[in-house]
Amino acid sequence: IKRWHGHAVIVLPPATRADVLDTIESIGSVATADVLELYALVGGMHDLDRDYWRLWSLDEIRTENSEPSSFGVQFSDYMIDCWRYRLRPNSNDTSSVLVDYFDGAEPSVIAESVAEFFDLYAAEPMRLLNSRSLQESRS
């Protein structure tokens with residue numbers, strides 16, 4: 001969040017636990033502890049950050065996930081929707097993050113949890129967001 005503020009990114013106010021639960025459950029998924037924690041810190045981003053990534057608000061999540069998907073809940077995008085990121089609940093109350101390139105292939109896991117996603121994002125945002133190398137190294 002400090003990084004985003006330093007880049008003049010407008011972050012939205014945190015969401016309530018009830019709002020996160022209602023949003024995620026309304027689209028047929030489960031709000032895991034790490035997703036609840038994320039949206040308790042920041043409610044999304046108004047614009048792209050300097051790495052061209054954007055975290056969606058709960059309203060956008062609801063709008064963009066009008067149909068339930070076994071691939072997970074879409075929650076963010078890269079370069080004004082070149083591709084999207086999804087949250088898929090795990091059995092340990094975390095959510096894996098998947099990237100969906102909309103290229104006919106199934107979305108693939110790029111992080112086993114929201115925490116891992118943000119650790120990678122903080123350390124090497126371009127490797128995480130702009131390259132298939134991370135996903136290929138997981139295969």
Side-chain angles (χ1 to χ4, degrees):
I1 293 172
K2 286 180 186 177
R3 176 181 167 180
W4 293 330
H5 286 295
H7 293 174
V9 172
I10 298 170
V11 295
L12 303 175
T16 67
R17 178 182 176 87
D19 286 343
V20 177
L21 287 168
D22 180 58
T23 298
I24 303 299
E25 290 173 1
S26 75
I27 54 179
S29 193
V30 176
T32 57
D34 53 356
V35 173
L36 292 167
E37 184 178 352
L38 170 62
Y39 280 93
L41 294 172
V42 61
M45 298 160 67
H46 189 265
D47 295 308
L48 300 171
D49 66 7
R50 285 189 181 170
D51 299 309
Y52 306 107
W53 180 77
R54 191 170 70 84
L55 176 66
W56 296 351
S57 69
L58 295 178
D59 287 340
E60 289 173 287
I61 289 174
R62 194 181 297 262
T63 300
E64 296 297 327
N65 290 276
S66 58
E67 299 286 325
S69 172
S70 62
F71 298 129
V73 172
Q74 299 174 79
F75 79 107
S76 69
D77 66 276
Y78 176 72
M79 285 193 64
I80 311 175
D81 223 10
C82 283
W83 48 81
R84 293 182 176 187
Y85 297 89
R86 296 176 176 268
L87 297 165
R88 186 172 60 200
N90 299 319
S91 61
N92 64 353
D93 203 25
T94 63
S95 287
S96 293
V97 177
L98 293 80
V99 63
D100 192 340
Y101 293 111
F102 299 103
D103 60 358
E106 289 188 5
S108 57
V109 174
I110 58 169
E112 296 295 331
S113 68
V114 172
E116 181 185 3
F117 177 83
F118 279 100
D119 287 346
L120 292 166
Y121 171 80
E124 297 183 80
M126 294 313 291
R127 180 171 179 239
L128 174 69
L129 301 170
N130 193 25
S131 172
R132 294 180 189 224
S133 64
L134 180 63
Q135 120 187 41
E136 289 165 0
S137 69
R138 290 183 165 275
S139 300

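All residue numbers in this chain count up from 1 along the given sequence. All values reported here derive from a predicted model rather than from experimental measurement.
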Shared hydrophobic cluster for Trp4 and Leu38 (ILVMFWY, side-chain gaps under 4.5 Å): yes
Separation between CD1 of Ile27 and CD of Glu67, rounded to the nearest 0.5 Å: 11.5 Å
More than 12 heavy atoms of other groups within 6.0 Å of Ile80 CD1: no
Side chain Arg54, main chain Met45, donor-acceptor under 3.5 Å: yes
Nearest heavy-atom neighbours spanning Leu36 and Ala31: CD1-O, 3.9 Å
Asn90 side chain to Asn92 backbone, donor-acceptor under 3.5 Å: no
Candidate pair Cys82 and Asp77, rule side-chain contact (heavy atoms from CB on, under 4.5 Å), full reasoning: CA-CA 7 Å; Cys82 283; Asp77 66 276; over 6 Å; no
Hydrophobic cluster membership, Phe75 vs Leu21, 4.5 Å side-chain cutoff: yes
Minimal non-hydrogen separation, Leu120 against Ile110, with atom names: CD1-O, 3.7 Å
Side chain Ser26, main chain Thr23, donor-acceptor under 3.5 Å: yes
Evaluation steps, side-chain contact (heavy atoms from CB on, under 4.5 Å), between Val97 and Leu87: CA-CA 5 Å; Val97 177; Leu87 297 165; 4.0 Å; yes
Tyr85 with Tyr101, same ILVMFWY side-chain cluster at under 4.5 Å: yes
Side-chain (Asp34) to main-chain (Val114) donor-acceptor, under 3.5 angstrom: yes
Sidechain-backbone polar pair: Asn65 side chain, Gln74 backbone, donor-acceptor under 3.5 Å: yes
Minimum heavy-atom distance between Arg88 and Phe71, given as atom pair plus value: CB-O, 4.2 Å
side-chain contact (heavy atoms from CB on, under 4.5 Å) between Trp83 and Asp103, intermediate numbers included: CA-CA 9 Å; Trp83 48 81; Asp103 60 358; over 6 Å; no
For the student: nearest non-hydrogen atoms of Ser76 and Trp53, plus distance: OG-NE1, 3.0 Å
Shortest non-hydrogen separation from Leu98 to Pro107 and the atoms involved: CD2-O, 3.8 Å
Neighbour count above 12 (heavy atom, 6.0 Å) for Phe118 CZ: yes
Worked check of side-chain contact (heavy atoms from CB on, under 4.5 Å) between Met126 and Asp51: CA-CA 7 Å; Met126 294 313 291; Asp51 299 309; 3.9 Å; yes
Step-by-step side-chain hydrogen bond (donor to acceptor under 3.5 Å, both in side chains) determination, Ser57 to Glu60: CA-CA 5 Å; Ser57 69; Glu60 289 173 287; 3.3 Å; yes
Greater than 12 external heavy atoms within 6.0 Å of Glu25's CD: yes
Distance (rounded to the nearest 0.5 Å) between Glu124 CD and Leu129 CG: 11.0 Å
Transitive ILVMFWY side-chain link Leu41 to Leu55, under 4.5 Å: yes
Arg3 atom CZ, neighbour heavy-atom count above 12 within 6.0 Å: yes
Separation of Tyr78 OH from Leu128 CG (nearest 0.5 Å): 10.0 Å
Rounded distance [0.5 Å steps], CZ in Arg86 versus CG in Asp100: 4.5 Å
Cluster link Val35 to Ile1, ILVMFWY, side chain under 4.5 Å: yes
Parallel, tilted or perpendicular: rings of Tyr121 and Phe117 (30°, 60°): parallel
Ser29 to Val73 - nearest heavy-atom pair and separation: CB-CG2, 3.5 Å
Arg50 side, atom CZ; Tyr52 side, atom OH - distance, nearest 0.5 Å: 10.0 Å
Ion pair check, Arg62 and Asp19, cut-off under 4.0 Å: no
